[in-house]
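Letters go in sequence order (proteins before strands), and every chain restarts at 1.
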Amino acid sequence: MLAQKYNAEMPNDEEALFLEVYKNNYQVLFRYGLYISRDRELTKECIQQMFFELWRKPDRFAGVKSFKPYLKKYLERKICAELGKRKANSFIINPGDPLLVDQSYETLLIKNQSSRELTRTLHAALECLTKRQLELVELRFMKGLSFDEMGKLLGIEHRTMYNQLHNAITILREKVKLRSVFPYTFLAYSIL
Amino acid sequence: MSYTNYTASDFICDDSFLRYYLNEDDNDVIFWQHWINNHPEKSNEVKEAIRMLEVLSLNLPQSEFEQELIKMKEHVYDSAPITEPKTLRITPSQPEPKRRWVRSLWGIVAVSMTAAAITAVVFLIGNGDHLEPEHSVSNQLITKRNSNGQKSDLHLSDGSRVFLNSGSEIQFFENFAKNNREVKLKGEAYFEVAHDPKKPFIVVTDKLSVRALGTSFNVKAFGETNDVAVSLVEGKVEVSLSENVNEEKSVLTPGEGLVFNGNDLSIKKLQFDPAMTLAWKSGILKFKDASWNEIENTLTRWYGVEFTIHHAPKRESPFTGEFDNLSLQLVLESLSFTKSFDYQIQGKKVEIKFTNQLKERNEQDE
């Protein structure tokens, strides 16, 4: 959508449009980068650098039909290059390589919470899940995979996965009672 | 199963809804925005689903994202855009060699226009302020302003560091480090002053000025109240009324704060709570015995939103609490419970309906 806008409409306000692309894709890129690198700070840094680079190129989005795949690929190359640099010996690094995965989804997830209370309850809640459920939660919410994609990856039937995930969500929702879940009181008042 | 029977868990487990929340697919985004708008009766389930997804999805927390966005904005607006000029894009079949030259010329025009625009803004704001340029020709007045919802971390040329809160503004001359290091502040900022005994660092607000050598302190001087608060973390500062700089000076020692009351012009010294005063720096919203008015003003600045209030209660109990890097929605959700109101966020506009009043009225009716 934005890609068409960028190339079709005359960008009168190049800066604003560029920042729009940045805002609209940031979280997608952040999750993707984190999934590959397992390193928050590295991911943040690479995203900034990549947009700095893009801003310097006059034909930055020429011929790009859809931003997300293009930007993801760009970020992936950047992160791999950066990781390559860090691991001075230059063996080929594949994204998601178990060698790189020294931080599990649970660790990352807990680290990423902004409230301390949530950190605590979430930690306890995650411990109630089975290994398979955790795997599903990670593929689903960090990588944003659909059931079809997860099925291909894990070789499990659609319905089984759905049920396991649904159960996991129910457990998490019960344990991670977000402090302010009392929507029904409002309903009552507005009916009055 | 139809979406209208969905529970929060069902939404969370729906492929299309997930792509909408994660912003992975434009079609899903459009579909769900539309659907949610048309099904207000499902808004509680949807909200609950989104809250859970916020926890699980590993997005960068909003406050951190805002910091990144500010850096990107600064970069984009500071460096001249390298872009093809308008006229050339409309007629892309122009001969190649000329085009290159024309483009660079346009580049120059664009750069000089940006420079002119920035200067104009600076002088408009700078007009009528206390700061006088010492060597006016080459010495430019620099203004850093955060709109509501923005915070920034500035490094000054003398090595000092300034954390500028949202809805705040700081001004100084480009070569301010040559003589007295003087900056003008509207709003709130935390200063970590680089040590230099020969050149005091002076923060001027409308009412007070603070003079320091090498220290860390917080100054809060928003226009909406007349009060100015200075809190000293380490080192030593001298505070005086801005109007008569040579009279009445108060010296603060670490842990001490000072509140200047703009209404009766009194100055009160007190011990301040560093956790309370400096929480904003780390993205923590803290309220202590806060009135609704104070909460509203703070949220307006913090999140850059506008409030419309319905049925504001006549009597209210003060609010104490903290929100650690939470989204506006979570903050309101939590407040709505203690303060009993119903809220709606639409873009940058927030509507609040207090339900207390409603209840009271209904009781009277019965």
Side-chain angles (χ1 to χ4, degrees), chain A residues 1-2 10-12 14-15 18-19 22-28 30-31 34 40 44 47-48 51-52 55-59 68 105 108-109 112-116 118 122 137 140-142 144 146-148 162 165-166 169-170 172-173 176 178-187 189-190 192, chain B residues 8-10 12-13 15-16 18-19 22-26 29-30 43-44 47-48 51-53 55-65 68-69 71-73 75-77 79 81-84 86 89-90 103 283 323-326 330 333-337 340-342 353 355 358-359 362:
Chain A
M1 225 173 5
L2 202 55
M10 272 317 304
N12 279 327
E14 188 86 22
E15 287 93 347
F18 185 79
L19 288 170
Y22 177 83
K23 278 191 249 177
N24 199 40
N25 292 283
Y26 191 92
Q27 297 293 13
V28 171
F30 180 76
R31 287 190 306 267
L34 193 57
R40 260 178 130 249
K44 279 169 76 177
I47 296 176
Q48 291 301 80
F51 276 96
F52 286 172
W55 184 240
R56 280 199 295 273
K57 289 188 191 167
D59 57 345
K68 287 196 174 77
Y105 170 71
L108 288 171
L109 191 60
N112 202 43
Q113 298 307 322
S114 42
S115 109
R116 257 160 273 147
L118 207 53
L122 188 63
V137 170
R140 180 103 184 135
F141 302 113
M142 187 173 181
S146 66
F147 281 108
D148 282 349
Y162 189 91
L165 192 73
H166 206 280
I169 297 298
T170 311
L172 289 176
R173 278 184 62 199
V176 186
L178 297 161
R179 210 185 318 170
S180 42
V181 196
F182 300 96
Y184 301 104
T185 40
F186 305 142
L187 257 184
Y189 282 143
S190 45
L192 284 172
Chain B
S9 299
D10 298 329
I12 296 170
C13 289
D15 279 350
S16 167
L18 180 70
R19 285 193 296 263
L22 296 178
N23 189 14
E24 293 273 3
D25 186 289
D26 291 339
V29 171
I30 295 169
S43 80
N44 288 325
K47 268 189 215 161
E48 166 76 15
R51 259 199 302 267
M52 199 65 223
L53 284 168
V55 173
L56 291 176
S57 64
L58 274 172
N59 283 340
L60 189 66
Q62 187 61 18
S63 56
E64 260 181 274
F65 168 67
E68 297 294 293
L69 180 61
K71 279 186 234 153
M72 188 54 61
K73 269 191 191 154
H75 180 81
V76 166
Y77 283 104
S79 55
I82 305 169
T83 173
E84 292 181 58
K86 208 170 179 172
R89 277 227 194 148
I90 297 166
R103 188 192 296 179
F323 304 101
D324 190 342
N325 288 292
L326 292 186
L330 285 174
E333 190 72 50
S334 175
L335 279 171
S336 68
F337 184 55
S340 350
F341 59 69
D342 201 352
K353 286 188 185 133
T355 42
L358 245 154
K359 208 171 105 192
N362 281 318

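The residue among V137(A), V28(A), I47(A) with the most heavy atom pairs within less than 4.5 Å of chain B is V28(A). Counting heavy-atom pairs closer than 4.5 Å to chain A, the top residue among S9(B), S57(B), S43(B), A8(B) is S9(B).
Listed here is the closest heavy atom pair of K68(A) and N23(B): CE-O, 2.7 Å. Of all the heavy atoms in D10(B) and H166(A), the pair that sits closest is OD1-NE2, 2.6 Å.
Note on ring orientation: taking the six-membered ring where Trp is involved, the planes of Y22(A) and F65(B) are parallel (angle under 30°, cut-offs 30° and 60°).
Taken to the nearest 0.5 Å, the CD1 atom of I12(B) stands 9.0 Å off from the CG atom of L165(A). Separating the CD atom in Q27(A) from the CG atom in L60(B) is a distance of 5.5 Å, to the nearest 0.5 Å. Note: Y26(A) OH to M72(B) CE = 8.5 Å, rounded to the nearest 0.5 Å. Distance NZ/K71(B) to NZ/K44(A): 6.0 Å, rounded to 0.5 Å. Rounding to the nearest 0.5 angstrom, the gap separating the OH atom in Y77(B) from the CZ atom in F18(A) is 11.5 Å. The NZ atom of K73(B) lies 6.5 Å from the CG atom of L19(A); values are rounded to the nearest 0.5 Å.
Listed by chain and residue number, D148(A), E149(A), D15(B), R19(B) satisfy the side chain to side chain contact (heavy atoms under 4.5 Å, CB included) test with S146(A) (two or more places apart in sequence, or in another chain). Legend: residues meeting side chain to side chain contact (heavy atoms under 4.5 Å, CB included) with S63(B), ordered by chain and number and at least two apart, are N325(B).
L18(B) places none of its side-chain heavy atoms less than 4.5 Å from the side chain of F147(A). Considering only heavy atoms from C-beta on, L58(B) stays 4.5 Å or farther from F141(A) through its side chain.
If you measure heavy-atom distances from L109(A) to chain B, the contacts under 4.5 Å come from both the backbone and the side chain. Of the atoms belonging to F30(A), it is side-chain heavy atoms, and not backbone ones, that fall under 4.5 Å from chain B.
Proximity of a side-chain donor or acceptor of R140(A) to a complementary backbone N or O of C13(B) within less than 3.5 Å is detected. Distance alone, capped at 3.5 Å, is enough to place a donor-acceptor pair between the Q48(A) side chain and the E68(B) backbone.
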